[in-house]
There are 2 protein chains.
Amino acid sequence: MTQPERQIMDFIEKHIQTQGYSPSVTEIMLGIGYKSRGSVHRYIDSLVRKGLLLRESGRNRGLTLPEKPKIPLLGRIAAGMPIEAIPESECVDFYEKLNCPGLYQLIVSGDSMIDAGICDGDSVLIQPAQSAPNGAIVVALIDGENATLKRIYQRDGRVTLKAENPAYEPQYYRPEQVQVQGVLFCLARFYR
Amino acid sequence: MTQPERQIMDFIEKHIQTQGYSPSVTEIMLGIGYKSRGSVHRYIDSLVRKGLLLRESGRNRGLTLPEKPKIPLLGRIAAGMPIEAIPESECVDFYEKLNCPGLYQLIVSGDSMIDAGICDGDSVLIQPAQSAPNGAIVVALIDGENATLKRIYQRDGRVTLKAENPAYEPQYYRPEQVQVQGVLFCLARFYR
DNA sequence: CTTGCCTGTTCTCGATTTGTTCTATATAGT
DNA sequence: ACTATATAGAACAAATCGAGAACAGGCAAG
């Protein structure tokens, strides 16, 4: 989005939010400070072509904003307690949150992280990294062969990879044996 | 990538990230400190030839960064096993997956669903519904007062709400006491 | 209905910006 | 001094921009 496009977009968003309906091209022109409707119209065309704006053709004031996958955050839910409403209906833009360059997805196989709430079949989103803070959950490559999802601790000159499952013992390695490939960024599990 | 190429690449990346669109050759020139557009243009040519930069010919400000995939699905990861690559680098479009009308988000409070891998502080995305199949995890309103996240079973004329935590006993209700508000659609947990 | 204004849309024009190519100059390495 | 390379700067065509004119359809008042 170029600078004038951004300016026009902001104006439209603000107008729709405050007035409840789309501004006219002339109103945008005056609001932004242009002296010609043609110019404004050209920018609107561009925005519509990019899908950043929707237009109901043949209607006056027919501009609408495309729906973003915003998911309203309603409150907290607990065992046996009512939903504690969160005052302003915050919206979480998952698209924004996940717009993290380099992110990739792996599907978890096995139960070794079950006590961390990571189950067989879950999707984990990994942010590429060469190192990680102690206690982080990472994708670690061991001896250049085996990649595994574990909690990592680096101290006393050795690396510990700890599963979150009492059935698995922590594994100890020399630092040169373990290569961090990425850090756990997000867990996603779909039920339907 | 030579040093000036690296410098120009960084400038372009930064500009696209902050402004949302490509810089012009003149802007790069000023930003880096050159006094000629020709030189900058030569480096851009080189970057395009190497595939490190894309150019929409015939358009002004038509430089784009090679597209990074949404979130590539790389494979499965397991305890002590190598990543089992998935042949085609499938891409998961979370935008698409979450574009489910009516979806709303709740933050989980408490440990009553811990054995289902749902932890304190997790986000659950709920799809509004009036009923749910046996065994589904639902948001249930009890006696019109208390909302809770539980696994639901309806049989023998009574409703069982079962926590996934041995510390909590299943609770039995008459059907008219329990109102399903929604079905668990997705679990999301952010680590960073 | 008709009328008149607002609105959306399309077009042209001149000025400016931009991508591109070219040549000349400066610099570094041999 | 010679060559290779990097930079500066000029020049040109195309794209873009803002202004303004013109026209048809929407919309509400009479």
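The structure presented is a predicted model; accordingly, all values stated were derived computationally and were not measured. The figures that follow rest on heavy atoms only: side chains count, while hydrogens, waters and symmetry mates do not. In what follows, chains are A, B, ... by sequence order, proteins preceding strands, each numbered from 1.
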Notebook entry, point to check: Contact class for Arg42(A) vs. all strands (heavy atom < 4.0 Å): base, sugar-phosphate, or nothing?
Noted result: base
Notebook entry, point to check: Atom CG of Leu30(A) to atom P of dC6(C): distance rounded to whole Å?
Noted result: 12 Å
Next item on the list: Inspect the contact between Glu5(B) and Lys50(B) and indicate whether a charged nitrogen and a carboxylate oxygen are less than 4.0 angstrom apart.
Entry: yes
Check: Which atoms form the tightest heavy-atom contact between Ile137(A) and Tyr191(B), and what is the distance?
Finding: CD1-CE2, 4.2 Å
Notebook entry, point to check: Does any donor atom in the side chain of Thr64(B) or Glu56(B) lie under 3.5 Å from an acceptor atom in the other side chain?
Noted result: no
Next item on the list: Measure from CG on Asp45(A) to C1' on dT9(C) and round the result to the nearest Å.
Entry: 9 Å
Margin query: With a sphere of 6.0 Å drawn around NZ of Lys35(A), does it hold more than 12 non-hydrogen atoms of other residues, nucleotides or ligands?
Written below: no
Notebook entry, point to check: By salt bridge (charged side-chain N to carboxylate O under 4.0 Å, His left out), which residues pair with Arg55(A), not counting sequence neighbours?
Noted result: Asp45(A)
Next item on the list: Calculate the interatomic distance between Tyr34(A) atom OH and dC17(D) atom P; express it in whole Å.
Entry: 8 Å
Notebook entry, point to check: What does nucleotides 21-30 of chain D look like as a protein-contact string, B for base, S for sugar-phosphate only, - for none, at under 4.0 angstrom between heavy atoms?
Noted result: -B---SS---
Check: Rounded to the nearest 0.5 Å, how far apart are OH of Tyr153(A) and OH of Tyr172(A)?
Finding: 11.0 Å
Notebook entry, point to check: Do the charged groups of Lys150(B) and Glu164(B) touch, with an N to O distance under 4.0 Å?
Noted result: no
Notebook entry, point to check: Between atom SG of Cys186(A) and atom CZ of Arg192(B), what is the distance when rounded to the nearest 0.5 Å?
Noted result: 12.5 Å
Notebook entry, point to check: For the helix from dC1(C)-dG30(D) to dT30(C)-dA1(D), how many degrees between its two end axes (five pairs per end), to the nearest 10°?
Noted result: 30°
Check: Do Ile32(A) and Leu52(A) share a hydrophobic cluster, counting only Ile, Leu, Val, Met, Phe, Trp and Tyr and linking them when any side-chain heavy atoms are less than 4.5 Å apart?
Finding: yes
Within the sub-3.5 Å range, which N or O atoms of nucleotides 24-30 of chain C have a protein N or O partner, and how far apart are they?
none

Checklist line | Near-strand residues of residues 16-28 of chain A, defined as heavy-atom separation under 4.0 angstrom from DNA chain D | finding: none
Notebook entry, point to check: Rounded to whole angstroms, how far apart are CD on Gln7(A) and P on dC17(D)?
Noted result: 13 Å
Notebook entry, point to check: Between dG14(C) atom C1' and Lys35(A) atom NZ, what is the distance in whole Å?
Noted result: 15 Å
Notebook entry, point to check: For the residue pair Tyr168(B) and Ala163(B), what are the closest heavy atoms and their distance?
Noted result: CB-CB, 3.7 Å
Margin query: Measure CG/Leu47(B) against C1'/dT20(C) and give the value in whole Å, please.
Written below: 17 Å
Check: Taking atom CD of Gln179(A) and atom CD of Gln130(A), what is their separation to the nearest 0.5 Å?
Finding: 8.0 Å
Check: Can you tell which of dA19(D), dT9(C), dT7(D) lies closest to the side chain of Tyr43(B)?
Finding: dT7(D)
Notebook entry, point to check: To the nearest Å, how far apart are Met29(A) CE and dC6(C) P?
Noted result: 12 Å
Margin query: What is the distance, to the nearest angstrom, from the CD atom on Glu5(A) to the C1' atom on dG18(D)?
Written below: 15 Å
Next item on the list: Give a yes/no on whether any side-chain N or O of Ser57(A) is located under 4.0 angstrom from OP1 or OP2 of dT9(C).
Entry: yes
Next item on the list: Please state whether the phosphate of dG8(C), meaning OP1 or OP2, lies under 4.0 angstrom from any side-chain nitrogen or oxygen of His41(A).
Entry: no
Next item on the list: State which residue, out of Ile28(A), Leu30(A), Val25(A), fulfils the side chain to side chain contact (heavy atoms under 4.5 Å, CB included) condition with Arg37(A).
Entry: Val25(A)
Next item on the list: Not counting sequence neighbours, which residues clear side chain to side chain contact (heavy atoms under 4.5 Å, CB included) with Leu65(A)? List them please.
Entry: Met9(A), Ile12(A), Glu13(A), Ile16(A), Leu53(A)
Checklist line | Nearest heavy atoms of Ser109(B) and Asp120(B), plus distance in Å | finding: CA-OD1, 3.2 Å
